[in-house]
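Reviewing the structure listed below.
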2 protein chains.
Amino acid sequence: MSKDLPTNAKSRRRPEQVTLSQVAQAAGVSPITASRALNHPDKVSTSTRQSVLQSVERLGYVPNLVAGSLASSRSRLIAIIVPSLINSVFVEIIKGLQETLEAQGYQILLGNTDYDLDREYQLVRTFLGWSCSALVTAGLRHNDACRTLLANWGHPIMEVMELGKGMDLNIGLDHTAAGRCMANHLIDRGYQRIVYVGARLSHDYRAGMRYLGHKKMLKAKGLEAPLLELNTLGSLQAGAESLAQVLKDYPATQAIHFANDDLAAGALLAAQRQGLSVPDDIAIAGFNGLPLGQHITPKLTTILSPREAMGRLAAQELIRRLSGKSVYRRQHDVGFTLQVGEST
Amino acid sequence: MSKDLPTNAKSRRRPEQVTLSQVAQAAGVSPITASRALNHPDKVSTSTRQSVLQSVERLGYVPNLVAGSLASSRSRLIAIIVPSLINSVFVEIIKGLQETLEAQGYQILLGNTDYDLDREYQLVRTFLGWSCSALVTAGLRHNDACRTLLANWGHPIMEVMELGKGMDLNIGLDHTAAGRCMANHLIDRGYQRIVYVGARLSHDYRAGMRYLGHKKMLKAKGLEAPLLELNTLGSLQAGAESLAQVLKDYPATQAIHFANDDLAAGALLAAQRQGLSVPDDIAIAGFNGLPLGQHITPKLTTILSPREAMGRLAAQELIRRLSGKSVYRRQHDVGFTLQVGEST
DNA sequence: CGCTGTCATGATAGCGCTACCATTACTTCT
DNA sequence: AGAAGTAATGGTAGCGCTATCATGACAGCG
């Protein structure tokens, strides 16, 4: 009785795949009605909707999102581009984004640039090819090609982590101010010979901005602002090694301002192993406010940034924008908090 | 002179989007040849390839991967499903996968189940809808619907982290053996009253398997194997709190075997703050081999698992499979290493 | 009674790309 | 010389879905 769908020679269909047409046929409606029953449930009658959903269930239909996206040029994919997955900071932002976006039925396309702007451009190109609904990227710096591509894109773009003149939406904090803030704290504490230690500042240029703030503050007080730049990425190990380096290069150092908590904690733990007293022999400060810093003794003085909240807020703003609502705010300053521990 | 492409009333094209046809026209070849120039460069002549690439550049063409995937039913997307992004273990696996896959031109679709198998099923459904080239998921446990869906899928499936009878490919380690190994170490050290502390073992069932191994070993030696199960996820904070709990519930405890290093390090640092000597007053062991454990004093005794390598290996195996080569090995035991520190 | 409006459904025609088969021009072999 | 293979290119027809417009049914209204 039931006619098979046409199976002409040129067909490329994978015969095992259940299509929406089959669901529609089983439910006794047209394909387009079945499509509506699934994607715009309020546009079909209750009885139709139910019989379609039943057929979906019975046939084990899995919607082909690729075909749907092509037809509608909307994909419910959100591209997230981060410079590193080792740095837990970005993972926390991803986490905040992910939990909010997945709850709204968006999927995440993840890319890692390894702090390389050309790689970023490649990833952006690929992701635009997927008709992503929006793009999230870390930072405000991009190469020209990338900037051109994004400028004409027409979908929301969210730049996270730093604050400034973004391409579209922007959430972050003022890193220069954060560097200044910590420098100020160290000076207040009476330290005069302060070294800044960072890792690959040309790549992790936000840490470079913090150094800039730090340096300005020190110069303003008539102090030198020596810098030790490591060639490895930030880690406990690198922090431990940098302590020795600082003590060798700048023996009279009273305090070290580290670009992040991994380095700082590594140095602090190394100092303990060497029998140095923190902060009496050497004061140590970090940045990020990782839990680790609050569990070691002495507690690490650091600057806390709301990373997961930043991700959540970014996601909420994107969703608001994607659902056609007017943007709440184009720019969010999530701020930072100086957490004075016992290490300074 | 140059005719515009047909612009009939029903067209839904976004006029600003450059299509492959336009590139082909500019290069003076047919669309299909342009497609080949980009996707199968060895199937066109050098001169054709170059003129197509020039047109791509000149027009700023960005391939529509959605259309390409629909036509070819191949997507170069790899789905990765993890139970948590807080747990750095999974992030390291993602990292290993990502660096290998992105280098081969694959993109990552990321999903997080929050240790919920129903959520996993939903994610799998969605990801299958994207015609992913392969799927990576953590663990061997899935619900029935998910298992059915995957069984008929026809693309590579990689189950990571644990070892056992998988659906397709499998890379991981034997958690029961790992639990046994650590328990054995603690007994060897002379400890008799040993408590196991884990977090949400019904969710993090791999930690539950380690407890099982631990318990078996202790029972075999005629020892009790008390368990403290926390209701929060593993963290330094939870570890610190659990130490107090253990000392209250089991005052005579000599050693604590923690389900992971976050808990163990949290407890170790808390013990130090309370003036307890580790391991003399209380011995502490963890699992994972996080860098943190090797930087605190005393160094944490733990079991090291090669997480990033696991990700890399998984990715390599998938790529091998996707490029049509016969599978090197269906199952990889990446093993584990007991790292004896000073905390036991 | 026709006019307009709303609701539910359907027919048609793509979305932009590539699989499949054909065609042409050569080369190589017997 | 003719058969048979190979390399480069193109025409056609989809992939599975949805935007768009059209249709029919029915209600409300003067």
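Given the structure is predicted, the values throughout are model-derived calculations rather than measurements.
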Quickly work out the B/L128 CG to D/dG16 C1' distance and round it to whole Å. 16 Å
Nearest to side-chain heavy atoms of B/S72, which nucleotide of C/dG10, D/dG16, C/dA19: C/dA19
Does a side-chain N or O of A/S35 approach OP1 or OP2 of D/dT18 to a distance below 4.0 Å, or not? yes
Across the strands shown, which category fits A/S69 at heavy-atom distances under 4.0 angstrom: base, sugar-phosphate, nothing? nothing
Between D/dT18, D/dT9, C/dA8, spot the one nearest the side chain of B/T48, thanks. D/dT9
Taking CG from B/L70 and P from D/dC17, how many angstroms apart are they, rounded to a whole number? 9 Å
Counting side-chain heavy atoms from CB outward, which of C/dG16, C/dG10, D/dA8 is closest to A/V29? C/dG10
Among the nucleotides C/dT9, C/dG16, D/dA19, which one has an atom lying closest to any side-chain atom of A/V44? C/dT9
Whether A/Y61 contacts D/dG16 is assessed here as follows: a side-chain N or O lying under 4.0 Å from the phosphate OP1 or OP2. Is that the case? no
Any A/N152 side-chain heavy atom under 4.5 Å of B/E16 side chain: no
OP1 or OP2 of D/dA19 versus the side-chain N and O atoms of A/R36: is any pair under 4.0 Å? no
Does D/dT9 have OP1 or OP2 sitting under 4.0 Å from an N or O in the side chain of B/T33? no
Would you please say whether a donor-acceptor pair under 3.5 Å links the side chains of B/N170 and B/E159? no
Any side-chain heavy atom of B/V52 within less than 4.5 Å of one from B/Q54? no
At 4.0 Å (heavy atoms only), tell me whether A/S73 reaches a base, stays on the sugar-phosphate, or touches nothing. nothing
Between D/dG11, D/dC15, C/dC15, spot the one nearest the side chain of A/A71, thanks. C/dC15
What is the distance from CG of A/D42 to C1' of C/dT9, rounded to the nearest Å? 15 Å
If I take atom CH2 in residue A/W130 and atom C1' in nucleotide C/dG16, what distance separates them, rounded to the nearest angstrom? 13 Å
Compare all side-chain heavy atoms of B/M161 with those of B/V89 and state whether any distance is below 4.5 angstrom. yes
B/I32 or B/A67, whichever maps to the more 5' nucleotide of DNA chain C: B/A67
In whole angstroms, the gap separating C1' of D/dA19 from CG of A/L20 amounts to 15 Å
With a 4.0 Å limit, can you tell me whether A/R74 has a side-chain N or O closer than that to the phosphate oxygens OP1/OP2 of C/dC15? no
Rounded to the nearest Å, what distance is computed from the CG atom of residue B/L65 to the P atom of nucleotide C/dT18? 9 Å
Mind checking B/R49 for me? I need base, sugar-phosphate or nothing, with any heavy atom below 4.0 Å counting as a touch. nothing
Please tell me which of the listed nucleotides, D/dA19, D/dG16, D/dT9, lies nearest to the side chain of A/Q17? D/dG16
Let me know the distance between CD of B/Q22 and P of C/dC15, rounded to the nearest Å. 12 Å
For the side chain of A/N64, counting heavy atoms from C-beta on, which of D/dT9, D/dC17, C/dG10 is nearest? D/dC17
How close or far is atom C1' of C/dC17 from atom CZ of B/R76, stated in whole angstroms? 16 Å
Below 4.0 Å: OP1/OP2 of C/dC7 and any side-chain N or O of A/S45: no
For B/C132 and B/L109, work out which heavy atoms get closest and say how close. SG-CD1, 3.8 Å
Return yes if a side-chain donor-acceptor contact under 3.5 Å exists between A/T100 and A/Q316, otherwise no. no
